[in-house]
Amino acid sequence: MFPRGFAWGAATAAYQIEGGWQADGKGASIWDTFCQEPGRVFRDQSASVSCNSYELWEEDLQCIQQLGLTHYRLSLSWPRLLPDGTTQNVNQKGVQYYNKVIDDLCACGISPMVTLYHFDLPQALQDQGGWKSPAIAATFGSYARFCFQTFGDRVKLWITINEPYICSKLGHEDGIHAPGLQEPGTTAYLVGHNMLQAHAMAWHSYNTLYRAEQGGMISLAINSDWLEPLRPGCTEDIAATERCLAFTLGWFAWPVFVTGDYPEIMRRAIDAQSKKQAYDGDSRLPTFSKEEPAVLGTADFFALNYYTSRKIRAGCGTGGISMKGDQDVEEVLDPSWPISGVSWLAVVPCGLRNLLRYIKNTFNSPVVYITENGFAQVGKLQMEDVQRSEFYRDTIQEVGKAIQEDRVDVRGYFAWSLLDNFEWADSYSVRFGLFHVDFADTKLSRTIYRSGKDYAKIISKNKCMGKT
Ligand code: GAL
């Protein structure tokens, strides 16, 4: 079902696995700070040690090889490389660490996909306004150039920013992710805008300075649920579903893939609400100016993180000044969908196929990499994690159908995650790994789950069977 050369991968992120939070000159990130604030994270835990991949990388590599992955998606810790966030101060030990990881992968024939930013902003930059400050775009641009220059001879797949939606909303609207700001209806839009600028700067640098020589591809990872109207024939629910898609997937995909601007539905809703609320300014949604780098066309492929689906019904206009108020929709779980360990993750494999078809039709048949997809376990440890195994089998089958029957140009699939790790505000209570990590054991030993063994079988079977 899968074309030859299909990327079979697993993904991780620096803050979630590396530990070594102060090792060898690393600077603090906003997650280091956030975890120190009581009440922010489950049991006030942190990822100061986590899987200690900073010291135990070779064990991770063994896990990667045991699965038979062709690709591994990792992220670089910006403050490990540049402790104060700027290229004026480079931490050579950090460079050495990632050089070793990348070299080891290449030596084993595994291609790295590298994310520049996965939620862990240098605290020094947060102190200057973080993602709220328009200056961040140029600072990110320099960081990106530094990474292309340093690692781009070996890295051919780049992700600039992971899930700008989650960073903007959870970090700046809901305050449940670092930096923990709760500034509803304003800051998230500003942060999203600055993230798009930062991404565009990085893409343009790559395009003009590095592409010819390095020959890689670069994109940003956009997360989206699959959404359907709760009452299929109801015009209000259909409109609400379109609105919700515009505010999530469309917020970042529309400017990059379609128009260079936010989706019209989103623009209209926020402008109208801002006016009604006599907002001090034109609109709470920023506008793209001619002075800013062009955002349209700044993705060489569509990087999609998919976890779950939702039914949508029209809201009742009571959200006030907030993203929820602007969208005015209610999300509902279909009672027929099984729930994984975490309440938000309903198991809907066919939602991914639907979403892939939607992406093909809406964004002009892009090349797609599924950069994250996974299943959470909570509570009693189950090494025989049959449910997760079935989840992967069923979801991968849907990806196969999207390729074969719907002709979506999917080039790769990355399971989230290689290892159990620090699951943000839920810390270690939620396990997403294909390998179990024993956090109570000082050796942090890694043991393959049943789902890991089954994923390895899927990979080995499809690697051999793939047609050109
Ligand atoms: C994504 C995120 C990952 C991981 C995953 C599971 O939003 O990129 O870091 O935590 O969710 O919740």
Side-chain angles (χ1 to χ4, degrees), residues 9-19 29-31 34-35 40-42 45-47 50-51 53 60 72-78 113-121 159-174 176-178 188 191-192 195 199 219-226 248-249 251-252 302-310 339-348 351-352 355 369-378 385 388 391-392 395 413-435 437 451:
T12 57
Y15 186 71
Q16 292 178 279
I17 65 161
E18 282 178 5
S29 82
I30 54 173
W31 270 94
F34 191 67
C35 291
R40 292 297 203 176
V41 170
F42 179 77
Q45 289 165 329
S46 78
S50 188
C51 311
S53 295
D60 296 357
Y72 176 58
R73 176 174 176 228
L74 66 139
S75 83
L76 306 178
S77 159
W78 185 349
M113 174 184 269
V114 173
T115 306
L116 296 175
Y117 184 75
H118 200 126
F119 304 176
D120 49 352
L121 189 73
I159 300 291
T160 53
I161 296 178
N162 180 67
E163 301 187 346
Y165 176 88
I166 295 289
C167 299
S168 306
K169 181 159 187 301
L170 271 53
H172 301 82
E173 168 103 6
D174 305 335
I176 57 175
H177 272 198
V191 165
M195 286 192 151
H199 159 78
S219 188
L220 75 172
I222 297 181
N223 62 290
S224 184
D225 298 346
W226 170 245
T248 49
L249 178 69
W251 182 5
F252 298 97
F302 201 109
L304 172 69
N305 292 358
Y306 170 81
Y307 284 90
T308 191
S309 296
R310 291 285 183 272
I339 303 293
S340 77
V342 281
S343 57
W344 61 266
L345 208 169
V347 176
V348 196
L352 178 53
L355 186 56
Y369 282 84
I370 297 154
T371 37
E372 280 181 36
N373 173 245
F375 177 98
Q377 224 186 62
V378 173
D385 55 341
R388 184 189 277 131
F391 167 91
Y392 277 122
T395 310
Y413 174 89
F414 292 75
W416 181 270
S417 175
L418 179 69
L419 306 169
D420 285 344
N421 59 47
F422 178 83
E423 173 56 14
W424 309 115
D426 290 327
S427 71
Y428 305 101
S429 66
V430 172
R431 292 185 295 270
F432 269 98
L434 292 163
F435 281 78
V437 177
S451 58

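Quick caveat: nothing in here was measured; it's all calculated off a predicted structure. Just so you know, ligand 1 is whichever comes first in the structure, and atom 1 is the first atom listed for that ligand.
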Counting heavy atoms only, which of E372, H177, Q16 comes nearest to atom 9 (O) of ligand 1? Q16

W344/Y307 aromatic ring centres below 6.0 Å: yes

Report the part of Y15 (side chain from C-beta onward, or backbone N, CA, C, O) that has a heavy atom under 4.0 Å from ligand 1; answer both or neither where that applies. neither

Plane angle bin for Y369 and F414 - parallel if under 30°, tilted between 30 and 60°, otherwise perpendicular: tilted

Is the closest N or O pair between E163 and ligand 1 shorter than 3.5 Å? yes

The protein heavy atom nearest to atom 6 (C) of ligand 1 is E423 OE2, 3.4 Å

Ligand-residue contact atoms, ligand 1 with F432, heavy atoms, under 4.0 Å: 6 (C), 12 (O)

If you measure from each non-hydrogen atom of N162 to ligand 1, which part falls under 4.0 Å: side chain, backbone, both or neither? side chain

Does a side-chain N-to-carboxylate-O contact under 4.0 Å join E372 and R73? yes

Going by the order shown, which atoms of ligand 1 are within less than 4.0 Å of some heavy atom of H118? 2 (C), 3 (C), 8 (O), 9 (O)

Can you name the atoms of ligand 1, numbered from 1 with element, that are less than 4.0 Å from a heavy atom of W424? 3 (C), 4 (C), 9 (O), 10 (O)

Taking the six-membered ring for Trp, is the centroid-to-centroid distance between W226 and Y306 below 6.0 Å? no

When you check the side-chain N and O atoms of N223 and N162, is any donor under 3.5 Å from an acceptor? no

Can you confirm if the aromatic rings of F119 and Y15 lie within a centre distance of less than 6.0 Å? no

Pair Y428 + F422: ring centers closer than 6.0 Å: yes

Check if W344 has a non-hydrogen atom at a distance under 4.0 Å from any atom of ligand 1. yes

Check ligand 1 against Y307 and write out every atom of the ligand that is under 4.0 Å from a heavy-atom position of the residue. 5 (C), 6 (C), 11 (O)

